[in-house]
Asker: 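Pasting in a structure now, in structure tokens, and then I'll have a few things to ask.
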Amino acid sequence: MLIRKVSLWILIIIMMIICVAPFAWIMGASFKSEEEIFSSLYSISVYTFIPKVFTLDNFVQIFKVINFGKSILNSLIVAVSVTVSVLFVSSLAAYSFARISFPGRDFIFSLLIATLFIPFEVSMLPMYLVSKSLHLYNSYLAMIIPWIGQPFGIFLLRQFFLNIPRSLEDAAKIDGCSTLGIYWHVILPNSKPPMITLGLIQFLWSWNSFYWPMIIMEDPSKQVIQVALASLMDPEYLRWGWLFAAVTVSCSPVIIIFFILQKYYVKGIALTGMKA
Amino acid sequence: MRKPILRKNKILIAYLLIIPAASLIFIFKIVPIFISFRYSFYNYNILLPMDKEIIGFANYLNAFSDPVFYNSLKVTFLFTVLKIIFQIIPCFFIALLLTKKIKGIGLLRSAILIPTVTSLVVVSIIWNFMYNPHNGLFNLLLTSIKLSSQPFLTSPKQALFSLLGMMIWKDTGFITILFLAGLQEIPDVFREAAIIDGANKFQMLFRVTIPLLKRTTLFVVMITTIWSFQVFTPIYISTKGGPMFSTNTLVYYIFERGFIYMDMGYAMSLSVILFFIIFGIGLIQRRFIRADFEY
């Protein structure tokens, strides 16, 4: 019995190490000087993960020389704008689909949800052409607007709204509440958990997006963090220390936010599965 | 009975509420599909948009005689099949593990999700360095136990599998949670009945748990398939389709032809083909779900 427990625990610890070690390696390396990164090549030791000489030089450099701070700001602008817009627009639509019956409702809803099955990579080139023809190119708006229509958000919120007890609505109606009033005073206040879930998933998704910003934004000063990271891999600019520092700066906030709002994220995944 | 005017009002509001979302989705997700169909019949170079002319099915005919295209199909299918096998089986068992009430099991759940929430760019960069033939973490480990260092991403034989390993690592969190949710949805009734009938651990697993997870498993297979077809970012960052086209997936090839060779028409025709492939696979998989509705 005890052996079983212990071996299970060892298995668990090994798995956790596998998940975390790559991050630890890069983060540790980001505090090393350029010389040390190249010197710790030949054998594995604790110094593979921990710097002999701790230096913040890499971090300072990426903010000064390549203006990494601007990239962070750009990503924040885009991610926050998209997330707030998605929450607003999706909740309106979800409310309509969940609570009002109108002609064509189910057909339109199915059509919108069906678009979830179109992989982004299929629609991406023509999306680029559509965007350009609407003069949405090389601007923050170009990175934001195409993503505000988010079928997953509508789906998720509608699921939730369907389950809000009608009695709350009826009480509001008796008090003379209009349709929109119900949205504002009844539905929204009772929807904090799914809104947080959707907000989190959407924010992470926008923060992590790469392919779209890469093709639609040519101006490096407005470019988002993921593309900036990728361009650091370019042999012309490649300095390992900087790259490691940039990686550390990019993924730390994400990991921290994730830890704080973990249960919402897990719920979001579970809801995706329930769709089946 | 509601007064007709109020009812009309309500319907109007209903449409107004969905217009923002629906119109955006229509413009940016539905219209592009039609556009890609349309331009696949053109000879479209984005640098010279005025010069485009209709060339009928020429792009499709070129595709069917394009060895790089066939190679990309092969690479994509190989990647997808391997990903399904090597992702689903381990994740299922990890999910089983997560249902056990061991102290600190929540930590494991958090740990496996960290790769999932991190951006694909970051993951690709980190693994690119771990796979480095000279001073990557993997080769450091290999040489320290006296094994020879491997070329990984620089070898046509190993590159695709290297990327596979990375993607399996990244998606483990998501897939495991899907299984976990499925497992938690199974009513205890089934398990209790089985225990009363004297089932042992193996019988419980194979006769009760797994059959009841059919819907979840099929959904997992569907999502893994679609995601595998979408693999682009790691290839762009690490291998750019090489070495020797060994990681040149269909999606990456589409990007290459569209944005590097500027041959949009051809790239669109490939996108259309990709669309039908995924559509077809999706249909086949949905058949399975329909046929096996459980409880």
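By convention in this document, chain letters (A, B, ...) are assigned in the order of the sequence lines, proteins followed by strands, and residues within each chain are numbered from 1.
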Asker: Which heavy atom of B:F28 sits nearest to which heavy atom of A:S131, and what is that distance?
Answerer: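 Looking at all heavy atoms of both residues, the shortest contact is CE2-OG, 4.1 Å.
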Asker: What part of A:I215 lies closer than 4.5 angstrom to a heavy atom of chain B: side chain, backbone, both or neither?
Answerer: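 Contact with chain B: side chain only.
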Asker: Looking only at heavy atoms and a cut-off of under 4.5 Å, which of A:K267, A:R99, A:M214 has the most pairs with chain B?
Answerer: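 Greatest number of close heavy-atom pairs with chain B: A:M214.
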Asker: Considering only heavy atoms, which portion of A:F88 lies under 4.5 Å from any heavy atom of chain B: side chain, backbone, both, or neither?
Answerer: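 Neither part; nothing is under 4.5 Å.
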Asker: Chain B heavy atoms under 4.5 Å from A:I18: which part of the residue, side chain, backbone, both or neither?
Answerer: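 Contact with chain B is through both the backbone and side chain of A:I18.
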Asker: Go through B:L17 and A:Y183 one step at a time and tell me if the side-chain contact (heavy atoms from CB on, under 4.5 Å) criterion holds.
Answerer: CA-CA 11 Å; B:L17 287 176; A:Y183 166 79; 5.9 Å; no
Asker: So for A:I26, is it side chain, backbone, both, or neither that comes closer than 4.5 Å to the heavy atoms of chain B?
Answerer: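 Looking at A:I26, just its side chain touches chain B.
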Asker: Check whether B:I226 gets within reach of chain A through its side chain, its backbone, both or neither, counting any heavy atom under 4.5 Å.
Answerer: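 Side chain only.
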Asker: Quick check on A:L136 against chain B: is it the side chain, the backbone, both or neither that has a heavy atom closer than 4.5 Å?
Answerer: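 Looking at A:L136, just its side chain touches chain B.
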Asker: Tell me, side chain or backbone of A:L204 under 4.5 Å from chain B's heavy atoms, or both, or neither?
Answerer: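 The answer is the side chain of A:L204.
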Asker: For A:S101, is it the side chain, the backbone, both or neither that has a heavy atom under 4.5 Å from a heavy atom of chain B?
Answerer: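 Both the backbone and the side chain of A:S101 come within 4.5 Å of chain B.
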Asker: Using non-hydrogen atoms only, which part of B:F174 is less than 4.5 Å away from chain A: side chain, backbone, both, or neither?
Answerer: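 The answer is both parts of B:F174.
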Asker: Checking heavy atoms, do the side chain of A:W9, its backbone, both or neither come under 4.5 Å from chain B?
Answerer: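 Only the side chain of A:W9 comes within 4.5 Å of chain B.
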Asker: Counting only non-hydrogen atoms closer than 4.5 Å, does A:I148 touch chain B with its backbone (N, CA, C, O), its side chain (CB onward), both, or neither?
Answerer: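 Both backbone and side chain.
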Asker: Please classify the contact between B:I105 and chain A as side chain, backbone, both or neither, with a heavy-atom cut-off of under 4.5 Å.
Answerer: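 When you check distances to chain A, only side chain atoms of B:I105 fall under 4.5 Å.
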Asker: Tell me, for B:F276 versus chain A, whether the close heavy atoms (under 4.5 Å) come from the side chain, the backbone, both or neither.
Answerer: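 Neither part.
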Asker: Nearest heavy-atom pair of B:A14 and A:S96: which atoms, and what distance?
Answerer: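 Heavy-atom minimum between the residues: O-OG, 3.0 Å.
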Asker: Side chain, backbone, both or neither: which part of A:Y265 has an atom under 4.5 Å from a heavy atom of chain B?
Answerer: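 Just the side chain, heavy atoms under 4.5 Å.
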Asker: Check whether B:I126 gets within reach of chain A through its side chain, its backbone, both or neither, counting any heavy atom under 4.5 Å.
Answerer: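 Contact with chain A: backbone and side chain both.
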Asker: Quick check on B:L180 against chain A: is it the side chain, the backbone, both or neither that has a heavy atom closer than 4.5 Å?
Answerer: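 Nothing of B:L180, per the 4.5 Å heavy-atom cut-off to chain A.
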Asker: Heavy-atom distances under 4.5 Å only: say whether B:Y39 touches chain A with side chain, backbone, both or neither.
Answerer: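 It is the side chain, since no backbone atom gets that close.
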Asker: Considering only heavy atoms, which portion of B:K103 lies under 4.5 Å from any heavy atom of chain A: side chain, backbone, both, or neither?
Answerer: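 Contact with chain A involves the backbone of B:K103 alone.
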Asker: Under 4.5 Å heavy-atom distance to chain A, tell me which part of B:I27 shows up: side chain, backbone, both or neither.
Answerer: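 For B:I27, backbone and side chain are both near chain A.
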Asker: Give, as side chain, backbone, both or neither, the part of A:L134 having an atom under 4.5 angstrom from any heavy atom of chain B.
Answerer: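 Just its side chain gets close to chain B.
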Asker: Are the side chain of A:W240 and the backbone N or O of B:F129 linked by a donor-acceptor pair below 3.5 Å?
Answerer: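 It does not hold such a pair.
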Asker: Quick check on A:S123 against chain B: is it the side chain, the backbone, both or neither that has a heavy atom closer than 4.5 Å?
Answerer: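 Both parts, heavy atoms under 4.5 Å.
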Asker: Check B:P32 against A:V130 and note the closest heavy-atom contact, atom names and distance.
Answerer: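 Smallest interatomic distance, heavy atoms only, reads CG-CG2, 4.4 Å.
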Asker: Given a strict heavy-atom distance threshold of 4.5 Å, which part of A:I145 is in contact with chain B: side chain, backbone, both, or neither?
Answerer: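 Both backbone and side chain.
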Asker: Which bit of B:F179 comes within less than 4.5 Å of chain A, counting heavy atoms only: side chain, backbone, both or neither?
Answerer: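 Neither part.
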Asker: Please report the shortest heavy-atom distance between A:N208 and B:V117, naming the atom on each side.
Answerer: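 Looks like ND2-O, 2.9 Å.
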Asker: Please state whether the side chain, the backbone, both or neither of B:N128 comes within less than 4.5 Å of a heavy atom of chain A.
Answerer: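 The side chain, not the backbone.
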Asker: Checking A:I257 against chain B: side chain, backbone, both or neither under 4.5 Å from a heavy atom?
Answerer: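 Contact with chain B involves no heavy atom of A:I257 at all.
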Asker: Counting only non-hydrogen atoms closer than 4.5 Å, does B:I278 touch chain A with its backbone (N, CA, C, O), its side chain (CB onward), both, or neither?
Answerer: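 Just the side chain, heavy atoms under 4.5 Å.
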